[in-house]
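Below, chain A is the first sequence line, B the second, and so on; all start at residue 1.
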Amino acid sequence: MDFLKDLNKSQLDAVTYNDGPSLVIAGAGSGKTRVLTYKIAYLLSQGVSPASILALTFTNKASREMRKRIGELVGYQNSRYLWMGTFHSIFARILRNEAEHIGYTKDFSIYDTTDSKSLIKSIIKELQLDDKIYRPGNIHSRISFAKNNLITASAYNQNTDIQQSDLRSRVPRTGEIFTIYTARCKQANAMDFDDLLLQTNLLFRDYPDILNKYQAVFGYILVDEYQDTNFAQYLIINKLAEQHERICVVGDDAQSIYSFRGANIDNILKFRNTYKNAELFKLEQNYRSTQNIVNAANSLIDKNADQIKKTIFSEKETGNLIRVSSVMTDFEEAFSVANSISELHKKEHYSYNDIAVLYRTNSQSRVMEEALRKQNIPYQIYGGLSFYQRKEIKDAIAYFRLVANNDDEEALKRIINYPARGIGNVTQDKLFSTAQLHQVSAWTVLQDMLKYNLDVNAGTATKLANFRNMIDVFTQQINTLNAYELAESIVKATGIISNALNDRSVEALSQMENVQELLKAIHEFSDMKKEEEGAELVTLPDFLSEVSLLTDQDTEKNDGKERVSMMTVHAAKGLEFKNVFIVGMEEQLFPSPYTESMREMEEERRLFYVAITRAEENCFISYSKSRFRNGQTNFANPSRFLKDINEEYLEYTDNTQFSPRSHSSYSDYDDIPDIRNRFRKTPFKSRATQSAPVQSPRKLTKISQKSSEKVVVENTNYPMGAFVKHKLFGIGKILETSIIDGNEKAEIDFGEKGVKSLLLKFAKLEILK
DNA sequence: TGTGGATGCCTTTTT
DNA sequence: GGCATCCACA
């Protein structure tokens with residue numbers, strides 16, 4: 001137990017207390033992962049069996065990392081049998097073991113968000129509802145929210161509050177959709193992400209024996225990132241820990257940023273209400289960042305009302321101030337960040353690995369990418385469209401899923417006519433409606449088309465039968481052939497690859513490479529399973545059971561090349577970099593324009609807190625006065641959060657006119673600038689010149705050249721000062737009209753919606769008299 | 001039945 | 001700019 005000497009006093013206390021419930025509040029950079037890994041290592045060294053320790057994390061990456069570190073401390077032999085993984089993967093495993101109790105087979109499919117929405121969409125269609133009103137995404141989040149609060153479809157339909165709320169939102173038949181959705185998932189032998197938690201809860205509720213079994217197995221329960229748990233997760237942990245209460249949760253309320261996914265910050269804030277005898281450990285020393293960074297972050301988070309008070313401090317050097325810079329356009333921002341990165345690399349000799357660019361939304365990555373590429377700076381984007389979300393990969397996996405689980409309707413839908421085999425929309429509609437009529441899966445209908453009176457002509461019936469037989473042959477091999485061989489023969493036989501071969505385009509080539517990459521991943525997966533778990537035969541279902549819960553966070557380029565990391569702030573949680581660039585620090589972007597309540601605003605502030613605290617040595621923040629988004633240029637003000645950081649930790653560089661004044665108070669949130677005030681404050685002239693590309697300072701010729709030629713002209717149809725109405729933005733006032741690249745454009749002030757630059761041919765403006 | 005073009009829609013964060 | 005949908009036409 002030599003290793004315990006690596007810990008400071010509070011870390012040591014937290015690690016060695018294991019007799020009852022404990023809450024570890026771990027400030028950013030305070031060694032949270034260290035406490036968790038050492039605690040497990042400590043338990044193992046005390047003779048606790050690894051198989052009796054349940055350790056839950058939020059990402060696969062985190063759990064792999066921890067397993068590795070524990071292995072280094074106590075040997076890999078010991079760490080192998082730990083129950084360690086993400087909530088979703090651990091409970092998927094348990095559900096597969098117990099599947100028959102709840103009417104599933106152990107090879108159930110896992111529907112991802114796309115599958116769920118697609119199923120909801122078809123139900124909406126079947127009910128002949130308008131998908132403009134019943135928007136699949138919206139309905140999905142309603143259902144998801146309910147499930148995360150353990151409200152089943154029948155409970156949903158009996159709950160008058162929910163009915164009222166659905167009525168107010170003009171989607172009163174959501175409950176009905178929910179009921180059908182549930183039935184269809186079951187019919188398809190599929191669970192969605194939320195089911196993995198909901199069904200676990202139902203299993204434990206309805207089968208006390210099973211609950212007892214797992215209660216007995218898990219003698220020690222540890223939960224990482226506890227601030228991000230939702231009600232369903234809370235309840236599972238709670239039940240499992242009921243008997244022995246040896247539960248340790250670790251988290252930081254200041255880093256709770258997943259409420260949109262149902263995470264409930266109250267779980268951590270009120271942990272000690274649930275466990276009255278819980279010990280509280282606070283880790284307050286930050287080992288990661290310089291004092292300036294820690295102090296700046298503290299002064300920011302101090303503006304939040306809802307939090308567990310703590311005093312995070314650093315004993316590292318004071319360090320550089322946080323540099324805040326303003327630029328004119330998002331292009332300029334990207335180039336100036338790229339320049340700074342070059343300098344850090346060339347002059348200060350930082351590895352590219354020590355640099356990260358963080359942003360609020362994935363769509364911001366494109367400009368950055370362009371700028372880095374032009375400067376030949378290697379980078380890797382995390383998040384965004386992940387490998388497993390690419391079309392060709394989803395297609396291939398849909399085949400695998402259908403082979404493993406013939407009832408998987410979303411998989412079937414996806415590939416029944418891809419590559420094209422003459423089974424068109426008409427036929428598909430007939431197939432699916434026949435299936436629904438008889439309340440069976442589409443596959444069941446395919447097996448006996450005559451019995452179900454499937455109304456298709458002989459030619460079509462043959463095509464359907466051929467398709468069915470092809471899949472059938474693979475299904476028969478599923479438990480005898482190894483994953484790689486089966487996957488390879490599926491890919492070959494189905495023609496996904498030959499389809500790509502026919503067309504020699506760059507896209508097709510890259511699609512082929514991706515499919516090859518997938519096969520390689522299956523191979524590697526099999527090798528790993530054989531090596532780590534001594535499995536003799538790794539089958540395709542084995543692979544599928546893990547792949548559906550993988551995210552791109554887990555696919556890391558591992559070739560040892562140095563790269564700048566680019567990702568959303570959400571994705572950066574838990575990571576650290578010597579140099580961090582936070583870009584797009586603007587109103588309407590960060591905080592997100594979707595922010596409505598004060599609670600949500602506090603979450604945005606925590607998100608900014610997370611961003612700043614990723615930095616070890618240097619933190620650079622930038623904001624732009626205009627940004628090209630959704631096909632138009634929007635003007636923007638600096639984020640209110642900049643004012644929340646104590647000025648003494650900031651250094652404003654270059655052409656910043658904005659100066660930090662008072663802190664933003666909560667009343668600011670509702671403070672919508674009056675339209676007339678706006679006009680007075682910002683005369684049209686200055687705006688017009690501001691948007692001219694010539695204005696951009698410094699050595700930004702490249703971008704300037706890229707910008708288009710703009711000629712200001714008076715447009716008689718849209719005179720300056722006229723009021724117009726836009727479908728989305730409402731009433732606005734014309735500030736200026738111009739021609740850019742032959743397109744007529746107008747700059748219009750929409751008051752609270754901001755100043756927009758719109759192309760007249762698209763904007764469909766209505767002139768108001 | 002398949003395909004290409006036009007059109008109209010939205011656009012946060014993710015296990 | 002991306003994606004789904006619609007429509008005309010092969």
Just how far, in rounded Å, is [atom2] of [N] from [atom1] of [X]?
{"X": "Tyr609(A)", "N": "dT13(B)", "atom1": "OH", "atom2": "C1'", "answer": "19 Å"}
{"X": "His570(A)", "N": "dT13(B)", "atom1": "NE2", "atom2": "P", "answer": "9 Å"}
{"X": "Arg421(A)", "N": "dG2(B)", "atom1": "CZ", "atom2": "P", "answer": "11 Å"}
{"X": "Asp131(A)", "N": "dG8(B)", "atom1": "CG", "atom2": "C1'", "answer": "13 Å"}
{"X": "Asp112(A)", "N": "dT15(B)", "atom1": "CG", "atom2": "C1'", "answer": "11 Å"}
{"X": "Phe58(A)", "N": "dT13(B)", "atom1": "CZ", "atom2": "P", "answer": "19 Å"}
{"X": "Asp330(A)", "N": "dG1(C)", "atom1": "CG", "atom2": "P", "answer": "13 Å"}
{"X": "Tyr418(A)", "N": "dG2(B)", "atom1": "OH", "atom2": "C1'", "answer": "14 Å"}

Can a side chain N or O of [X] be found less than 4.0 Å away from OP1 or OP2 on [N]?
{"X": "Thr568(A)", "N": "dT14(B)", "answer": "yes"}
{"X": "Asn362(A)", "N": "dT14(B)", "answer": "yes"}
{"X": "Asn230(A)", "N": "dT15(B)", "answer": "no"}

Out of [options], which has the shortest distance to the side chain of [X]?
{"X": "Thr427(A)", "options": "dT1(B), dT14(B), dG2(C)", "result": "dT1(B)"}
{"X": "Ala571(A)", "options": "dG2(B), dT14(B), dT15(B)", "result": "dT14(B)"}
{"X": "Thr361(A)", "options": "dT12(B), dT11(B), dA4(C)", "result": "dT12(B)"}
{"X": "Lys121(A)", "options": "dT15(B), dT5(C), dT12(B)", "result": "dT5(C)"}
{"X": "Arg366(A)", "options": "dT15(B), dT14(B), dG1(C)", "result": "dG1(C)"}

- Can a salt bridge be assigned to the pair Arg606(A) and Asp253(A) using a cut-off of 4.0 Å between side-chain N and carboxylate O? no

key: Face-to-face contact Tyr594(A) to dT12(B) six-ring, under 5.5 Å, under 30°   = yes

Can Phe260(A) be said to stack with the base of dT13(B), given centres closer than 5.5 angstrom and planes under 30 degrees apart?
-> yes

Is the distance from the ring center of Phe260(A) to that of His570(A) below 6.0 Å? yes

So what does [X] hit on the nucleic acid, given a heavy-atom distance under 4.0 Å: a base, only sugar-phosphate, or nothing?
{"X": "Ser89(A)", "result": "nothing"}
{"X": "Asp194(A)", "result": "nothing"}
{"X": "Phe87(A)", "result": "nothing"}
{"X": "Val426(A)", "result": "sugar-phosphate"}

Comparing nearest nucleotides in DNA chain B, the 5'-proximal residue of the pair Gly424(A), Ile257(A) is Gly424(A)

Sorted by position of nearest nucleotide on DNA chain B, 5' first, the leading residue of Phe193(A) and Asn425(A) is Asn425(A)

Donor-acceptor pair present, Arg261(A) side chain and dT13(B) base, under 3.5 Å:
no

Exactly one of Thr152(A), Asp192(A), Thr182(A) clears side chain to side chain donor-acceptor pair (under 3.5 Å) with Lys147(A), and that residue is Asp192(A)

**Message:** Whether the side chain of Gln307(A) engages the backbone of Asn304(A) through a donor-acceptor N/O pair (distance < 3.5 Å, no angle test) should be reported.
**Reply:** yes

Side chains of Phe432(A) and Glu409(A): does their closest heavy-atom pair fall under 4.5 Å? yes

With a sphere of 6.0 Å drawn around CZ of Phe145(A), does it hold more than 12 non-hydrogen atoms of other residues, nucleotides or ligands? no

